[in-house]
Amino acid sequence: MLSKKQARAFFLGGTVVTFLIFIGLTVYSLSAAQDQSNIENLSESAIRGKYLWETNNCMGCHTIMGEGGYYAPELTKVVERRGEGYIKAILMSPVPWQPNQRKMVAYKMSKEEAEDMVEFFKWIGNIDLNGFETVVSPLAKDKK
Amino acid sequence: MKYKSQKVAYWFFALSMLLLTLQLVYGFIMGFAHAGMDGLHDWIPFNTAKAVHTNLLVVWLLSGFMGAAYYIIPEEAQIELVSVKLAYVQLISLALVGVAAIVGYHFNYWEGRKFLEIPRPLDYLVVVNVLLFMGIILVTLFKGKRRTTTALVLTMGLLFAALLYLPGMLDFNSQVLDSFFRWWVVHLWVEGVWELIMGGILSFLLIKLTGVDREVIEKWLYVIVGLTFLSGILGTGHHYYYIGVNKIWLIVGGIFSALEPLAFLAMALFAVNMYRKGEKKHPNKIALYWTIGSAIVSFIGAGLLGFAHTLPQTNIFTHGTIVTAMHGHLAFWGAYAMIVFAIISYSLPNMTGRKFYDSSRGRMAFWLANIGMIGMTVAFGVAGVAQVYLERITKSMSFMEVQLEIEVHFIVLIIMATLFSTGITLYIIEFIKHGQPTDEALEVTNQ
């Protein structure tokens, strides 16, 4: 029968071993050779776009790479799906955008800010998502 | 209650109840918005309601865990808390930081990273607050007359939770890296170290409620938390399937996520077996309901429903849909909310001296809250599966078209949430009826 000492060894040993494997896998998968995000193409404009994405909590409604609020559309491939002009118009709109009765906050962004957001979406849209990009893109029924 | 300083736990539990009530209000705002009724949009848009709803959950659970620690550690270490005054300072500062964050969310003041929306300056205050809390607990434990496994596991859980908050404060230009390390906080909290906290509280309650020998319970506690880490740490990989990192996570995450239900199954079997084995029948039936209920519902919500969409082949379709909300609600309820309710139900009569051990209101609270939450889970599940098929598999509708189609399920959700909230209201009434803690309770405590 298992003793308490053996149970403790199982806990401590298992934890240490799995944690070390986890760290090893993290280092491996984040190494430059394994990059799937085209990090070299991440422009200053896209970085400013990410900042706007965060400071306006866009993730509170939308999802990106499948992460977010499930209340508004997935934006991973939004540039491909909607085009730059459409996205900028929504972001710069002085009144709440209201597709299918569901309202979006009117962020009233400047042209430069809207362009930064588009650059951010473009960078996201080119990431290799291990096949998820084929599920969420194209989302619209007329592009299946 | 054996030590006067344990009374401080009451106020952490009271803060938990207050924040939980607010969390429900914001949950209803979101439910109505999903059902097409977003009349509050101009004042509380959905992203505000969501940030408030999820952050209140985290803060009220943390407040509950801290209260549990302040109650359990003195009894396990057989010593008074080293400083009750500092514990009150910690409580007040926790409440102030929480309120500041929640108010800020209404004025577009946040970081906008799911679950970690709290802005950076407040992050630093959280760190100071948690350092103070850990200082009180660790010094008490260090000075204590004994160091039990239950206390050590609980303290390890709290310490690791504090340390794992730090990766969430790293800044990255890349959304991929941002997301990668955000899961170090969120996943390794809820599917890792929080389970240590849950295990520690569960162990304490089973020792008190069943009378089974401490050595037996603590031995199995080690096995369960061992299984938790064995599966949960590498199970983090299921969050890395589709966020732009190596495919190796599809294999590692898939295998170890499939093992995660085992830890919850072990916990459920452990709790039920200890109850059946126990010869001591503690009169506090309500605490027993919540304790055993927590172990069983966490297995269903976190274990089974997590497994239902955790394999890569399934998750590629369910990732980023309402299916996640289905799993999330029952998992958090079973594993963490119910265990906080259990320790409150156990400790409240001991702190106040009023022994409402088996009231009909207490039983009603348990059943209504659980039936309501299961109903909510079903409503989320039906809506989520419909969304997956219409939008992702058949691709017959766009996101917004699907949202209109599934609005009806959110009406069902609101009805079930009303049932759930009725149960919570009854629980809070029971909490208030117990009155405030008193030193005289020391004399009438029946351990």
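Every heavy atom of this structure was used, including side-chain atoms; hydrogens, water molecules and symmetry mates were not. Residue numbers begin at 1 in each chain, while the letters A, B, ... track the order of the sequences.
Listed by first and then second residue, the salt bridge (Lys or Arg N to Asp or Glu O under 4.0 Å) pairs involving residues 218-245 of chain B are A:Lys4-B:Glu218, B:Arg214-B:Glu218 (not counting sequence neighbours).
By the side-chain contact (heavy atoms from CB on, under 4.5 Å) test, A:Ser29 is found to be paired with B:Phe180, B:Asn246, B:Trp249, residues two or more places apart in sequence or in another chain being considered. Applying the side chain to side chain donor-acceptor pair (under 3.5 Å) test to A:Gln6 and every residue at least two apart in sequence or in another chain returns A:Ser3.
Contact of B:Leu230 with chain A is made through backbone and side chain together, with heavy-atom distances under 4.5 Å. With a threshold of 4.5 angstrom between heavy atoms, B:Ala33 approaches chain A through its backbone and through its side chain. The parts of B:Asn108 that come within reach of chain A are both its backbone and its side chain, each placing non-hydrogen atoms under 4.5 angstrom from that chain. Only the side chain of A:Thr63 comes within contact range of chain B, with at least one heavy atom under 4.5 Å from a heavy atom of that chain. Residue contact with chain B, scored on non-hydrogen atoms closer than 4.5 Å, involves the side chain of A:Ile124 exclusively. Proximity to chain B (any heavy atom under 4.5 Å) is shown, for A:Ile21, by both the backbone and the side chain. Only the side chain of A:Lys50 comes within contact range of chain B, with at least one heavy atom under 4.5 Å from a heavy atom of that chain. Heavy atoms closer than 4.5 Å to chain A are found nowhere in B:Leu152, neither backbone nor side chain. Contact of B:Met156 with chain A is made through the side chain alone, with heavy-atom distances under 4.5 Å. With a threshold of 4.5 angstrom between heavy atoms, A:Leu25 approaches chain B through its backbone and through its side chain.
Within the model, atoms CG of B:Leu234 and OG1 of A:Thr18 stand 5.5 Å from one another, a figure rounded to the nearest 0.5 Å. The CD atom of A:Glu133 sits 8.0 Å away from atom CD1 of B:Ile316, with the distance rounded to the nearest 0.5 Å. Separation of atoms CD1 (A:Ile64) and OG (B:Ser179) is listed at 10.0 Å; rounding is to 0.5 Å. In this structure, NZ on A:Lys5 lies 12.0 Å from OH on B:Tyr222, to the nearest 0.5 angstrom.
Classified by interplanar angle (parallel below 30°, tilted 30° to 60°, perpendicular above 60°), the ring pair A:Phe22/B:Tyr240 is parallel.
A distance-only check finds a donor-acceptor pair linking the side chain of B:His319 to the backbone of A:Met65 [under 3.5 Å]. Not a single donor-acceptor pair under 3.5 Å links the side chain of B:Asn47 to the backbone N or O of A:Cys61.
Options B:Thr321, B:Ile224, B:Ile393, B:Ile322 differ in how many heavy-atom pairs under 4.5 Å they form with chain A, and the most are formed by B:Thr321. Of all the listed residues (A:His62, A:Gln101, A:Gln36), the one sharing the greatest number of non-hydrogen pairs under 4.5 Å with chain B is A:Gln36. With chain B as the partner, the residue from A:Ala46, A:Gly68, A:Gly13, A:Pro99 showing the most heavy-atom pairs under 4.5 Å is A:Gly68. When each of B:Thr54, B:Thr48, B:Leu227, B:Val216 is checked for heavy-atom pairs under 4.5 Å with chain A, B:Leu227 comes out on top. Counting heavy-atom pairs closer than 4.5 Å to chain A, the top residue among B:Leu250, B:Asn315, B:Leu221, B:Thr324 is B:Thr324. Note: A:Gly69 leads A:Gly69, A:Ser37, A:Gly14 in heavy-atom pairs under 4.5 Å with chain B. No other option in B:Thr228, B:Val225, B:Val252 has as many heavy-atom pairs under 4.5 Å with chain A as B:Val225.
Contact check for A:Phe11 versus B:Phe229: side-chain heavy atoms found under the 4.5 Å cut-off. A heavy-atom distance below 4.5 Å is found between the side chains of A:Val136 and B:Arg392. With contacts defined as side-chain heavy-atom distances shorter than 4.5 Å, the pair A:Met104/B:Phe46 does not qualify.
Taking every heavy atom of both residues into account, B:Lys395 and A:Val135 meet most closely at CE-O, 3.6 Å. Across B:Ile243 and A:Leu129, no two heavy atoms sit closer than the pair C-CD2, 3.7 Å. Of all non-hydrogen atoms in B:Val245 and A:Leu30, the two that sit nearest each other are CG1-CD2, 4.0 Å. Considering every non-hydrogen atom in both B:Gly244 and A:Ile127, the closest pair reads CA-CG2, 3.6 Å. In terms of heavy atoms, A:Asp128 sits closest to B:Lys247 at OD2-NZ, 4.4 Å. Heavy-atom minimum distance, A:Phe10 versus B:Val223: CE2-O, 3.5 Å.
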Evaluate the side-chain contact (heavy atoms from CB on, under 4.5 Å) criterion for residues B:Tyr242 and A:Glu67: first the C-alpha distance (whole Å), next the side-chain angles of each, then the deciding distance (0.1 Å), finally the verdict. CA-CA 10 Å; B:Tyr242 308 116; A:Glu67 297 183 339; over 6 Å; no
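Shown are B:His53, B:His34, B:His41; of these, the ring pair (Phe, Tyr, Trp, His ring centres under 6.0 Å) with A:Tyr71 is made only by B:His34. In summary, of the residues considered (B:Glu111, B:Lys50, B:Lys114), a side-chain contact (heavy atoms from CB on, under 4.5 Å) with A:Met59 occurs for B:Lys114 alone.
For residues 51-58 of chain A, heavy-atom neighbours of chain B at less than 4.5 Å comprise A:Trp53, A:Glu54, A:Thr55, A:Asn56, A:Asn57, sorted by residue number.
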